[in-house]
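Keep in mind that what you see is a predicted model, and the values were worked out from it rather than measured.
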Amino acid sequence: MKNRISILLLALAVVSCGKSVNKEEVTTNQEEKEIAVGVLADKNATAQTVTLYKNLFKLREKGYMFGHQDDLAYGVEWKYEEGRSDVKDVTGDYPALYGWDIGRIENNADKNLDGVPFDKMRQFIKEVYDRGGVNTISWHVNNPLSGGDSWDNPEGTVASVLPGGSKHEVYKGWMDNAAAFFLSLKGSDGNLVPILYRPYHEFTGDWFWWCKNTTSPEQFKELWKFTVDYFEQKGVHNLIYVYNTSDANVKNKADFMEYYPGDEYVDMMSFDVYQTGEGEKLKEYTDNVHSLVGVMQEAAQEHGKLTAIAETGYEAIPYEKWWTETLTNAIGDYKISYVLVWRNLGWNEYMDPPRMHYYAPYSGHAHKADFVEYYNQDRVLFQKDVTKENLYQ
């Protein structure tokens, strides 16, 4: 078992040049929390991962990173154009943070669930790291019990993948595929690229096989701990682990922390929430998000963790001041690490009804001026801002 307190005391003993240290003389509980800030769940994390994590604590004092899912892969009416980004087309700058998903890697597929080739994803992640940006990865992993996708959530799936479960060995094989992918992510400097990894996301909802409607807190915690430990055993030491709820079923800190696997297994706290509807729905979103950020920040401060809004957005962004009013007011003065909006797919014929599906403005968007104004806010950080910070040094 990991033991953060033992590590802290050992570090203090070393600093004291071998002198005997009495625990009562070392720290108060509050001081222990302050010392724990910046300590990763993976005690064997790579130097670049440790450095990034510590620098993210410093960066939040300046502002929060803006992120976009699949930003470099495709946008509205384009795909795989070298160097292109809808965000860059509008602002002249890339996002600071880039989201990716490795769903279907469990099948040894050459493309993820959204059609992005894994070879291209590796290259995009390398490009981001080389210019000082940050990458985050989620995994819409298929259901190993039913054979369905992530959204197929019968009772008992989590139990089946835990040690002793009927699908445990199958799931370990899937984890091996993911581990191999994480270990293949290297920058031009030859170092492994640090990843903000967000497993089992949105678990407070009822749509994925790991969600709380079919999974007990004890099962979820065991699954999370198994995942962290297994990746470490496989030599994966470039992950920063992000605990992630949805806005569903979270009204207070107890709801937010009910499935929390412990400080020794989590590096960052986050939640996902989307804007739906116009009119009063705009204010409802702002109020709801502001309240949720407050709940999350209180929990994170108590546990010495970073925070983020890991997914959000307003499909097609029909409100002309969504960025500078709705989203900005929702975050308020809270010091979070990042906010990420979902992908810019463009026309989606498979949705009901078929429609344009995008969450960041593109060059032809009617309200792109508001996004430019948002971009110019001092507290909103894009690629040029984080490049200057040398987050990996």
Margin query: Quick check: is L113 connected to M351 through a chain of hydrophobic side chains (ILVMFWY, heavy atoms under 4.5 Å apart)?
Written below: no

Notebook entry, point to check: Heavy-atom count around D378 CG within 6.0 Å, excluding the residue itself: above 12?
Noted result: no

Notebook entry, point to check: Is it true that the side chains of T49 and N238 contain a donor and an acceptor less than 3.5 Å apart?
Noted result: no

Checklist line | Pairing of D93 and K88 as salt bridge, 4.0 angstrom limit | finding: no

Next item on the list: Scan side-chain atoms only and decide if E106 and W139 contain a donor-acceptor pair under the 3.5 Å cut-off.
Entry: yes

Item checked: E298 vs F256 side-chain heavy atoms within contact, under 4.5 Å -> no

Check: Should we count NZ of K126 as having more than 12 external heavy atoms under 6.0 Å?
Finding: yes

Notebook entry, point to check: Out of curiosity, T157 OG1 to L162 CG, how far, rounded to the nearest 0.5 Å?
Noted result: 11.0 Å

Check: Have D152 and N143 got a donor and an acceptor in their side chains that come within less than 3.5 Å?
Finding: no

Notebook entry, point to check: In this structure, which one of V293, D247, V250 forms a side chain to side chain contact (heavy atoms under 4.5 Å, CB included) with N288?
Noted result: D247

Checklist line | Gap separating the CH2 atom of W151 from the CG atom of N142, nearest 0.5 angstrom | finding: 9.0 Å

Checklist line | From CA spacing to verdict: salt bridge (charged side-chain N to carboxylate O under 4.0 Å, His left out), E232, K43 | finding: CA-CA 9 Å; E232 289 186 18; K43 301 306 180 291; over 6 Å; no

Note to self: Within the 4.5 Å heavy-atom criterion, are Y285 and L327 side-chain neighbours or not?
What the structure shows: yes

Item checked: N329 versus T286, side-chain donor and acceptor atoms under 3.5 Å -> no

Margin query: Hydrophobic cluster membership, with links at side-chain heavy-atom distances under 4.5 Å among I/L/V/M/F/W/Y: are W207 and V273 in one?
Written below: yes

Next item on the list: Look only at the side chain of R379 and the backbone of G332, and say whether a donor-acceptor pair between them is shorter than 3.5 Å.
Entry: yes

Notebook entry, point to check: Heavy-atom distance under 4.5 Å between the side chains of K186 and N191, does that happen here?
Noted result: no

Check: Do you see a donor-acceptor pair shorter than 3.5 Å between the side chains of T204 and S246?
Finding: yes

Check: Step by step, would you call K305 with D267 a salt bridge (charged side-chain N to carboxylate O under 4.0 Å, His left out)?
Finding: CA-CA 6 Å; K305 306 300 177 182; D267 301 310; 5.1 Å; no

Check: How far apart are the closest heavy atoms of F231 and M175, and which atoms are they?
Finding: CE2-O, 3.5 Å

Notebook entry, point to check: From Q48 CD over to N55 CG, what is the distance, rounded to the nearest 0.5 angstrom?
Noted result: 11.5 Å

Notebook entry, point to check: Does the separation of the ring centres of Y392 and Y129 fall below 6.0 angstrom?
Noted result: yes

Next item on the list: Kindly say whether the aromatic ring centers of H237 and F182 come within a distance under 6.0 Å.
Entry: no

Note to self: Side chains of E315 and H357 only: does a donor on one sit below 3.5 Å from an acceptor on the other?
What the structure shows: yes

Item checked: Presence of salt bridge, D272 and R198, under 4.0 angstrom -> yes

Item checked: Between D70 and W100: side-chain donor-acceptor atoms closer than 3.5 Å -> no

Next item on the list: For the residue pair N112 and I105, establish whether any side-chain heavy-atom pair is separated by less than 4.5 Å.
Entry: no

Item checked: Over 12 non-hydrogen atoms of neighbours within 6.0 angstrom of NZ in K221 -> yes

Margin query: Could you see if Y200 belongs to whatever hydrophobic cluster contains L145? Use Ile, Leu, Val, Met, Phe, Trp, Tyr and a side-chain cutoff under 4.5 Å.
Written below: no

Note to self: If you define the side chain from C-beta out and look only at heavy atoms, does anything of V380 sit under 4.5 Å from T328?
What the structure shows: no

Item checked: Residues N153 and T214: side-chain donor-acceptor under 3.5 angstrom -> no

Note to self: Within the structure provided, determine whether F181 and F118 are in side-chain contact (heavy-atom separation under 4.5 Å).
What the structure shows: yes

Check: About how many Å separate OH of Y334 and OH of Y64, when rounded to the nearest 0.5 Å?
Finding: 14.5 Å

Check: Hey, does H201 have a side-chain heavy atom less than 4.5 Å from the side chain of E311?
Finding: yes

Margin query: Would you say the ring centers of Y74 and Y80 fall short of 6.0 Å from each other?
Written below: no

Notebook entry, point to check: Passes side-chain hydrogen bond (donor to acceptor under 3.5 Å, both in side chains), Y265 versus D229? Steps please.
Noted result: CA-CA 9 Å; Y265 286 89; D229 289 340; 3.2 Å; yes

Notebook entry, point to check: Would you say L40 and V228 are hydrophobically clustered, going by side-chain heavy atoms of ILVMFWY under 4.5 Å?
Noted result: yes

Check: Near E81 CD, under 6.0 Å, is it more than 12 heavy atoms from other residues, nucleotides or ligands?
Finding: yes

Margin query: Going by side chain to side chain contact (heavy atoms under 4.5 Å, CB included), D119 matches just one of M121, R122, Q123. Which one?
Written below: R122

Notebook entry, point to check: Out of curiosity, does Y98 fall in the hydrophobic cluster containing W78 (side-chain heavy atoms, cut-off under 4.5 Å, transitive links)?
Noted result: no

Notebook entry, point to check: Among F271, W210, W209, Y243, which residue meets the ring pair (Phe, Tyr, Trp, His ring centres under 6.0 Å) test with F203?
Noted result: Y243

Note to self: Is the shortest side-chain heavy-atom distance between L223 and V161 below 4.5 Å?
What the structure shows: yes

Next item on the list: Ignoring hydrogens and angles, state whether a donor on the side chain of T324 or D370 is under 3.5 Å from an acceptor on the partner side chain.
Entry: yes

Check: Has E61 got more than 12 heavy atoms of other residues, nucleotides or ligands less than 6.0 Å from its CD?
Finding: yes

Check: So E302 and K253, salt bridge (charged side-chain N to carboxylate O under 4.0 Å, His left out) or not? Walk me through it.
Finding: CA-CA 11 Å; E302 292 177 359; K253 189 169 61 175; 2.6 Å; yes

Notebook entry, point to check: H140 and D114: side-chain donor and acceptor closer than 3.5 Å?
Noted result: no

Notebook entry, point to check: Are T387 and Q383 linked by a side-chain donor-acceptor pair shorter than 3.5 Å?
Noted result: yes

Next item on the list: Taking only Lys NZ, Arg NE, NH1 and NH2, and the carboxylate oxygens of Asp or Glu, determine whether E284 and K281 approach each other closer than 4.0 Å.
Entry: yes

Item checked: Donor-acceptor side-chain pairing of W323 and E373 below 3.5 angstrom -> no

Next item on the list: Kindly state whether the ring of Y358 and the ring of H365 have centres lying under 6.0 angstrom apart.
Entry: yes

Item checked: Output field: ring centroids F371/F66 closer than 6.0 Å -> yes

Check: Any Lys/Arg nitrogen of E389 or K58 sitting under 4.0 Å from an Asp/Glu carboxylate oxygen of the other?
Finding: no

Notebook entry, point to check: Just checking, R343 and Y359: is the charged tip under 6.0 Å from the six-membered ring centre and within 45° of the axis?
Noted result: no

Item checked: K212 to F220 six-membered ring, cation-pi geometry met (6.0 Å, 45°) -> no

